[in-house]
Amino acid sequence: MNYYYDFSGQKFGYPLSLSINGFSRSVFSRQSSLEISYILKGEYEAITADFSCVLKERSLIVIAPDTMHMICQKQDTDQENIILTIHVDFSRMSDAMAGDEKKAFRTVVCTEEKNRDFYIRLKHKIAELLAMLMKGRDNLYEMNAIMMEIVYFATWQRNFSMEDLPLHSDSHENYMKAIRYIDMHYQEELTLSDIAGQLSFSLSYTSKLFKRYTGISFVKYLAYVRIRASLETLLEGRNSIEQIAADCGMANAKAYTAVFKELYGILPSDYRKQFRQNLKYDKEKKIQKMALDEQHKKLLQQFIKESLQALHEEEGLSICIKEQECICRIRQNNHSVRLETEPDGTLVIKISDIHKNSDC
């Protein structure tokens with residue numbers, strides 16, 4: 001079952017993009033945007049230069065800008081796999097709005113048990129975005145507000161436990177030099193020998209760097225870089241596949257198409273067609289609403305319902321709405337809870353322990 005959907009801001013110069021993918025593919029990426037992915041169904045594996053882990057259903061991963069990573073479906077399972085991904089492209093913001101995105105974020109995995117507070121807050125805000133889009137509201141200021149809150153919440157991870165990351169070694173630094181060189185020269189004829197010669201590495205050492213930190217060969221890595229760099233031109237729809245292939249450094253349209261399908265699980269022509277179905281304006285120049293089929297709606301409505309039920313979350317306490325009832329859960333014994341009624345009739349839950357007093 002193909003759940004492919006793409007709502008991309010780059011179609012009309014907007015920083016926010018959202019996609020739903022259910023096809024089998026491995027996404028290998030290094031981009032300047034903030035990436036947030038949530039597993040709607042099944043299991044995926046996340047691989048970075050620093051760690052790898054299995055993302056089970058309902059897991060959430062925040063990937064910092066410029067982080068080399070691959071997200072791929074688990075190969076040893078027959079279950080359906082569907083992932084929701086949001087990108088915030090800071091290059092489409094002014095410097096005053098974007099801030100120093102290179103230092104603001106770190107890659108982190110969150111679940112209902114791990115980094116729970118961060119998980120609940122971010123998931124709740126993503127649900128607000130989805131609810132707005134599904135209702136067909138196209139208020140730019142509302143979308144801006146939600147997008148910036150998502151960005152703000154994503155920076156909170158600095159306050160939570162992180163993956164245990166190894167110290168960067170000399171070989172890791174050399175690997176980064178190699179990929180930076182590729183980023184600047186991918187449109188040219190480029191071989192592993194060229195990389196080794198430019199960086200004064202041996203050929204075998206350079207080959208091992210790519211295998212160690214990406215899990216794939218130099219040739220495949222270079223092809224993936226070229227494909228990803230061509231996406232915006234492909235989606236503009238002005239150039240032929242042959243021309244796009246030549247411009248990004250691929251040998252020909254056949255080679256481009258083969259790598260594209262390997263990377264995205266779909267032909268470039270079909271990818272462009274799917275993309276154009278969700279353009280901001282239709283043929284009559286009227287703004288189009290977010291177009292979701294019944295599969296998408298059923299999938300996202302459950303996510304939205306679950307995520308928006310949470311009203312408040314902090315260490316030891318959660319308050320949520322379930323079946324029109326307000327449920328308060330205390331997860332630790334060192335809190336005392338009391339209910340008080342304000343003069344205006346408002347019911348206030350007060351939580352206290354020996355360290356703090358807090359109202360919610």
Side-chain angles (χ1 to χ4, degrees), residues 1-12 17-33 35 37 42 44-45 47 68-75 80-85 87 89 178-179 181-192 194-195 207 210-211 214-279 291 293 295-296:
M1 188 175 295
N2 188 353
Y3 281 88
Y4 178 80
Y5 177 77
D6 183 25
F7 170 84
S8 180
Q10 69 181 194
K11 300 169 189 174
F12 44 94
S17 297
L18 179 149
S19 66
I20 303 166
N21 289 306
F23 49 72
S24 177
R25 89 258 194 260
S26 297
V27 175
F28 179 82
S29 175
R30 177 175 175 262
Q31 54 217 8
S32 60
S33 59
E35 180 177 322
S37 290
Y44 286 79
E45 185 175 11
I47 304 167
M68 186 74 65
H69 67 283
M70 180 184 288
I71 295 181
C72 52
Q73 292 185 5
K74 291 281 289 179
Q75 299 300 314
E80 193 174 35
N81 298 280
I82 308 170
I83 187 169
L84 166 71
T85 301
H87 285 102
D89 186 355
I179 64 170
Y181 185 83
I182 292 173
D183 286 346
M184 293 187 290
H185 299 278
Y186 67 87
Q187 292 171 292
E188 307 168 11
E189 289 188 16
L190 202 57
T191 67
L192 188 63
D194 295 329
I195 304 294
S207 177
F210 283 94
K211 280 289 188 179
T214 68
I216 58 178
S217 67
F218 162 77
V219 172
K220 183 169 286 190
Y221 173 79
L222 176 59
Y224 285 179
V225 169
R226 287 168 168 167
I227 294 297
R228 292 197 61 83
S230 73
L231 282 184
E232 192 156 351
T233 304
L234 172 69
L235 298 175
E236 285 175 353
R238 298 174 183 175
N239 297 335
S240 66
I241 302 298
E242 189 73 44
Q243 183 61 51
I244 293 170
D247 290 345
C248 74
M250 296 295 291
N252 50 51
K254 183 178 180 180
Y256 179 91
T257 298
V259 176
F260 192 100
K261 188 173 182 181
E262 179 183 345
L263 184 56
Y264 290 102
I266 188 172
L267 293 172
S269 55
D270 292 338
Y271 186 88
R272 178 155 60 184
K273 189 182 300 181
Q274 290 266 19
F275 192 86
R276 291 186 65 83
Q277 288 176 359
N278 297 301
L279 287 171
D293 59 26
Q295 291 176 336
H296 293 124

For [X] versus [Y], what's the shortest heavy-atom pair and its separation?
X: Gly237; Y: Arg272; value: CA-NH1, 3.4 Å
X: Met250; Y: Ala255; value: CE-O, 3.6 Å
X: Ala223; Y: Val259; value: CB-CG1, 3.9 Å
X: Phe218; Y: Leu192; value: CE2-N, 3.2 Å
X: Ser230; Y: Cys248; value: CB-CB, 4.1 Å

What orientation do Tyr221 and Phe210 show, parallel under 30°, tilted 30 to 60°, or perpendicular over 60°? tilted
For a side chain to side chain contact (heavy atoms under 4.5 Å, CB included) check, start with the C-alpha distance between Leu234 and Ile241, then their side-chain angles and the critical distance, and finish with the verdict. CA-CA 8 Å; Leu234 172 69; Ile241 302 298; 3.6 Å; yes
Give a yes or no answer on whether the side chain of Thr257 reaches the backbone of Lys254 with a donor-acceptor pair at less than 3.5 Å.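 No: the side chain of Thr257 does not pair with the backbone of Lys254.
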Are the side chain of Gln187 and the backbone of Asp247 linked by a donor-acceptor contact shorter than 3.5 Å? yes
Begin with the C-alpha distance, continue with both residues' side-chain angles, and end with the deciding distance and a verdict on side chain to side chain contact (heavy atoms under 4.5 Å, CB included) for Thr233 and Asn239. CA-CA 7 Å; Thr233 304; Asn239 297 335; 3.6 Å; yes
Regarding Tyr256 and Glu242, is there a side-chain donor-to-acceptor distance under 3.5 Å anywhere? no
Would you mind reporting whether Leu190 and Arg226 have side-chain heavy atoms less than 4.5 Å apart? yes
Residue pair Ser37 / Ile71, side-chain heavy-atom distance below 4.5 Å: yes
If you measure from [atom1] on [X] to [atom2] on [Y], what distance do you get to the nearest 0.5 Å?
X: Ser19; Y: Ile83; atom1: OG; atom2: CD1; answer: 8.0 Å
X: Ile182; Y: Ile195; atom1: CD1; atom2: CD1; answer: 4.5 Å
X: Ser17; Y: His87; atom1: OG; atom2: NE2; answer: 7.5 Å

Contacts of Thr191 meeting side-chain hydrogen bond (donor to acceptor under 3.5 Å, both in side chains) (sequence neighbours excluded), chain-then-number -> Asp194
Can you check side chain to side chain contact (heavy atoms under 4.5 Å, CB included) on Phe260 and Ile244, steps first, answer last? CA-CA 12 Å; Phe260 192 100; Ile244 293 170; over 6 Å; no
Residues, nucleotides or ligands: over 12 heavy atoms within 6.0 Å of Glu188 CD: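 Buried by this count: over 12 neighbours within 6.0 Å.
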